[in-house]
Amino acid sequence: MAGLLAGCSGPGGGPGGGGAGDASARAGAGGRTGDGATPGSGAGAGPGTSPGPTRTFAPDPARSPTTRAAALDLIGRVIADPDSFGSGVVKRSPYESGPETWPVLGADCVWQRRKPGPGVLATLSRSFELPAAAGKGPLRLAATVTVHRTREGAAWEVAESVEESMRCPTQQLGDGELIGSLVAGALFGGEANQKSSDDFLSESGQYRSSELGGPHYYAWQQTQTLQFTVSVTGKGAKGRTEREIDELVVQAQAAMLVRLRSAVEKQN
């Protein structure tokens, strides 16, 4: 059973922090689950639920990218599209962010986009939305896939995600966006039947924005498999339930994990 890594609250239970995206999508590093229970939702699928397939996975080292071009090709085949979330989800504008930059949490706990370090072959984020409907505001979603040069590099990204949540209990994602009141934790490969990835991180909390108000429910998931990290963000709005957001996040994460395994596993 995974230990609880962080349970952080901003002042007065308002926006608080950790491990999520900037305005374009801090989907590429940070977010954790507690003990396998869905923080805050009670739904069957949520941030505490490890997504994706659990069948035996035999990767083929020859199919793992070693160049930037190969990494970008793989990302293009793996990263979520609107259909990965289910019906009704559409692209936001700007749709893609990267691959020249990725989000970095500054000493001031504000996310900024910076050039990736030499250990990153390529990274890409995409932004989506479930449009406003009767009595419901627009639900903002994002997905990120990052390819590191080594498995150790991907593992370090996950470790840094955990550190960020503890270092910055209040984080600014972008202009007018904050997250907080977070519950966060991790399940590692083989722990509590977590077999979908090497590491699985999840985070839930409160989201506020100058445009959509709040607090609204916030969810984030990240998995690390081999030299790859895959993550999904969900930012709530008026009338959107925790279950609705959790299910969208889990569905897209599972879809990307299936594509990733197909891209790098041994062929019969």
Side-chain angles (χ1 to χ4, degrees), residues 9-10 12-27 31 33 37-49 51-52 79-97 111 125-144 170-184 202-222 230-258:
S9 298
D22 63 0
S24 58
R26 163 61 168 138
T33 340
T38 302
S41 80
T49 303
I79 195 167
D81 52 25
D83 290 343
S84 303
F85 293 89
S87 63
V89 172
V90 299
K91 298 177 182 179
R92 287 196 71 207
S93 181
Y95 179 47
E96 293 188 340
S97 178
W111 288 101
S125 296
R126 286 180 175 174
S127 296
F128 310 86
E129 181 174 285
L130 186 59
K136 297 183 178 182
L139 199 165
R140 305 282 166 76
L141 301 155
T144 296
T170 299
Q171 297 178 10
Q172 182 175 335
L173 306 186
D175 291 341
E177 289 188 300
L178 293 167
I179 53 170
S181 298
L182 300 175
V183 175
S202 170
E203 188 170 75
S204 66
Q206 293 184 345
Y207 166 70
R208 295 178 186 263
S209 82
S210 56
E211 177 186 357
L212 301 177
H216 304 301
Y217 183 65
Y218 167 85
W220 186 89
Q221 283 192 355
Q222 182 186 49
V230 175
S231 50
V232 182
T233 303
K235 302 174 184 177
K238 179 182 177 182
R240 300 294 183 178
T241 66
E242 295 178 9
R243 182 186 184 109
E244 179 181 22
I245 297 166
D246 287 343
E247 289 180 347
L248 287 166
V249 169
V250 169
Q251 182 165 325
Q253 185 81 315
M256 290 194 290
L257 287 176
V258 169

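Not measured: the values here are computed from a predicted model.
The ring pair (Phe, Tyr, Trp, His ring centres under 6.0 Å) test applied to Tyr207 returns no partner, not counting sequence neighbours. Partners of Arg240 by salt bridge (Lys or Arg N to Asp or Glu O under 4.0 Å), not counting sequence neighbours, listed by chain and number: Glu244. Here Ser209 pairs with nothing under the side chain to side chain donor-acceptor pair (under 3.5 Å) rule; sequence neighbours left out.
Remark: Ser125 OG to Glu96 CD distance equals 9.5 Å, nearest 0.5 Å. In this structure, the separation between OG1 on Thr233 and CD on Gln253 is 9.5 Å, given to the nearest 0.5 Å. If you take CD on Glu177 and CD on Glu211, they are separated by 8.5 Å, rounding to the nearest 0.5 Å. Separating the CG atom in Asp83 from the CD atom in Gln251 is a distance of 10.0 Å, to the nearest 0.5 Å. With values rounded to the nearest 0.5 angstrom, Leu173 atom CG is found 8.5 Å from Trp111 atom CH2.
Ring geometry for Phe128 against Tyr95 counts as perpendicular: the plane angle is over 60°, on a 0 to 90° scale with 30° as the lower cut.
Counting only heavy atoms from C-beta outward, the side chains of Met256 and Val232 approach each other to under 4.5 Å.
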Cut-off 3.5 Å, no hydrogens considered: what does the side-chain donor-acceptor table look like for residues 129-139, sequence neighbours left out?
unit_1	atom_1	unit_2	atom_2	d
Glu129	OE1	Arg140	NE	2.6

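Between Gly234 and Val249, the closest heavy-atom pair is N-CG2, 3.9 Å. For the pair Gly236 and Ile245, the tightest heavy-atom approach, listed with the atom from each and the gap, is CA-CD1, 3.5 Å.
Distance alone, capped at 3.5 Å, is enough to place a donor-acceptor pair between the Asp81 side chain and the Ser84 backbone.
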